[in-house]
Amino acid sequence: MAELSLTRGRMVDVQIAQRGIRDRRVLQAMREVPREAFVDPDFEEFAYEDTPLPIGKGQTISQPFMVAYMVEAAEIDPGDRVLEVGTGSGYAAAVMSRIAGRVYTIERHATLAEVARQRFDRLGYDNIEVRAGDGTKGWGGAAPFDAIVVAAAGPGAPLALQEQLDVGGRLVIPVGNDPDDQRLLKVTRTGATTYAEEDLGGVQFVPLIGEEGWAERPQSDDDLPRTVTPPARGQSLPEMIAVAAEPLPDFRDPAFGDLFDRFADRRLVLLGEASHGTSEFYKARAAITRRLIEKHGFVIVGVEADWPDAAAIDRYIRHRPARTAAEPPFQRFPTWMWRNTDVEAFVGWMRGHNANLDDANRMVGFYGLDIYNMSASIAAVLRYLDHVDPEAAAAARQRYGCLTPWQNEPSTYGRAVLTSGYRKCEQAVLEQCQELLARQLDYARQDGADFLDAAQNARLIAAAERYYRIMYYGGADSWNLRDRHMFETLEHLLEARGSEAKAVVWAHNSHIGDARHTEMGTIRQELNIGQLCRERFGNQAALIGFGTDSGTVAAASDWDVPMEVMRVRPSHADSYERLCHDSGVPRFLLDFDRDGALRNRLLERRLERFIGVIYRPETELRSHYADASLPRQFDAFVWFNKTKAVTPLGPEHAGKDVPETYPFGL
Ligand code: SAM
């Protein structure tokens, strides 16, 4: 509990005060009310993250900052009578009750109202009254109110609520149908029949359902509260995409690479992927990268992989001797991500390219950007936990597999909840990781590497404990740490290869598309390599996303379980993917800079699909879709309507005449 109250204090400082909430009474109330008591016990550890959380009935407890923002706007004074519409978990009512004289709160779901009532009783908050019903009609018997706060978005400010304000009273309410286009409105009653209105900015809320709200709609997984703007008169969006799309030729056709010459003057070209197991994404990235290396002098290929594994490939393509006694690379889950026929072909090409060069400085290098040794460490952690505490091991698998930034899956949070054994294992696990790192760095010293010099080693060792501790617990912190690390490694590489050096990066769309324009940035304060590259390099970085409608993908249903070839469901009706599909052009490049009108029309946020090494078609909407603004996230988008799973390298692919240093031996 003491730990949670510290976290609560930090939450108020970082998420609330630093973002501009000044009212000391609001800050004090937020320090006082235990948010963890308003979520399921399983979600306690997430209670102080900057995010709404599920509370059942498809509803959420609001993001802490939003609660503070609305309560401050309502200007609640000690002794005030306050009405809240949308009790939800009861958290916001509890916060207001620490300031006001009395709080009346109405919730349309009777079960939520009842659970909130029990929470108030348990906490001894006896100045709150809860009622189940339609809050758009207000609470006549208790009016007039000094303040009314509505926690769901209506079509406008309900008249009944305006009338129940005392003169001088304030009503704060989100307004708007489209979740991407709601505004927070403050209405102040200035006289018996006069009101003043103020716009407090854009917000996102669930709909206010009721007589003076929206009509109830059937809710299902596929029916999230979202609307899609109908196409304007004239051309539809898919038609506009069809016109702007530049069709892609066969991968072997040199014209494929030519199309990407427009990005050749950038220092960094970041190439994404919408899954970790789609052949077309690998083939396309290889074709683009070959062109950038051959014709435009790019010398760095930085990939979403561990340094030691990528280093084995690097030695092979630079015709250096293999490391003695090192285990073959990419032997751990998810093996297919790098041990596949497309990567093998590209590696062969890089080796051939380098063979023709005398100057080592002009040779292309292949580097792993990920946290040094990450997959080996994860494998070691799981092995250890399997042995000493299988329950903790199960939670660890969930955390590694599922707590990815685009996912918003309450059931996943539930399963990834920590057991007490998990915490007990922490120290032993850290020691294992440290040992592993020391061993790996010993190997690396044999490389006489150009880049992984003593200073880099020292940096890794100094940061390792922090890395492993955060990785062990997973979640938002580990994501940010990992992406910062990848970005810093990229910066070191650029420095090491000289001031003119240019790099291509291969990583998932979630790493390379600017996080500020996806749910990662807007809701969860997560960042990524794409964002950091734009912040540091501006226009010198090109961010190129990839997408598909349907076909097959290589993925697993859980962390560490065998790969399967799975069918990808056709794209969701409200997604960017569906617009691309409906264009009727099977494969294309969409350059957002070339068509301002189309770019503008695509800015409005929609769903985008993210498949990682895990794919769960059965809960696809929740597990794999997130809101994003595609033209802000990327500079260009590469589309393959139908795609196929990668082919993992098996014994049948083992070449007979491969050199001794061949890295894909089994
Ligand atoms: N204030 C809540 C908290 O702190 O947990 C969060 C509220 S949640 C974002 C919005 C709530 O408004 C939902 O629980 C929803 O059921 C409720 N709601 C929607 N329309 C309503 C109405 N007409 N009357 C009462 N409650 C309503």
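Every number for a ligand or one of its atoms is a count from 1 in the order of the listing. These numbers were taken from a predicted model, which means no experiment stands behind them. By convention here, the first residue in the shown sequence is residue 1.
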Those atoms of ligand 1 less than 4.0 Å from some heavy atom in [X]:
| X | value |
| --- | --- |
| Leu208 | 20 (N), 21 (C), 22 (C), 23 (N) |
| Gly133 | 24 (N), 25 (C) |
| Thr136 | 23 (N) |
| Val85 | 24 (N), 25 (C) |
| Thr87 | 1 (N), 2 (C), 3 (C), 5 (O) |
| His109 | 16 (O) |
| Glu84 | 1 (N) |
| Ser89 | 3 (C), 4 (O), 5 (O) |

Taking both backbone and side-chain atoms of [X], is any N or O found less than 3.5 Å from an N or O belonging to ligand 1?
| X | answer |
| --- | --- |
| Phe205 | no |
| Ile209 | yes |
| Ala92 | yes |
| Gly135 | yes |

Heavy-atom nearest neighbour in the protein, as seen from [atom], with distance rounded to 0.1 Å:
| atom | result |
| --- | --- |
| atom 17 (C) of ligand 1 | Glu107 OE1, 3.5 Å |
| atom 15 (C) of ligand 1 | Gln59 OE1, 3.4 Å |
| atom 8 (S) of ligand 1 | Thr60 O, 3.2 Å |

Winner among Lys137, Arg108, Glu212 once heavy atoms are compared against atom 18 (N) of ligand 1: Arg108
For atom 12 (O) of ligand 1, which candidate among Gly86, Ala151, Pro64 provides the closest heavy atom? Gly86
Between [Y] and [X], is the closest basic N to carboxylate O distance under 4.0 Å?
| X | Y | answer |
| --- | --- | --- |
| Arg25 | Asp77 | yes |
| Asp13 | Arg31 | yes |
| Arg606 | Asp574 | no |

Does the Asp514 side chain pair with the main chain of Gly530, one donor and one acceptor, at a distance under 3.5 Å? no
Under 3.5 Å donor-acceptor, Thr619 side chain and Ser623 backbone: no
Using heavy atoms and a threshold below 4.0 Å, how should the contact between Pro207 and ligand 1 be classified: side chain, backbone, both, or neither? backbone
Give the C-alpha distance, both sets of side-chain angles, the deciding distance and a yes or no for ring-ring contact (aromatic ring centres under 6.0 Å, His included) between Tyr91 and Phe38. CA-CA 6 Å; Tyr91 175 69; Phe38 291 83; 5.7 Å; yes
Classify the side-chain pair Ser510/His508 by whether it contains a donor and acceptor separated by less than 3.5 Å. yes
Scan side-chain atoms only and decide if Thr87 and Glu107 contain a donor-acceptor pair under the 3.5 Å cut-off. no
Would you say Ser62 contacts ligand 1, with heavy atoms under 4.0 Å as the rule? yes
Which heavy atom of Tyr104 sits nearest to which heavy atom of Ala142, and what is that distance? CE2-CB, 3.6 Å
Name the atoms and distances for all side-chain donor-acceptor pairs under 3.5 Å in residues 148-164, with sequence neighbours left out.
residue	atom	partner	partner atom	Å
Gln162	NE2	Ala157	O	3.0
Gln164	OE1	Trp139	N	2.8
Gln164	NE2	Lys137	O	3.1

Val67 vs Ile16 side-chain heavy atoms within contact, under 4.5 Å: no
Hey, does Glu273 have a side-chain heavy atom less than 4.5 Å from the side chain of His276? yes
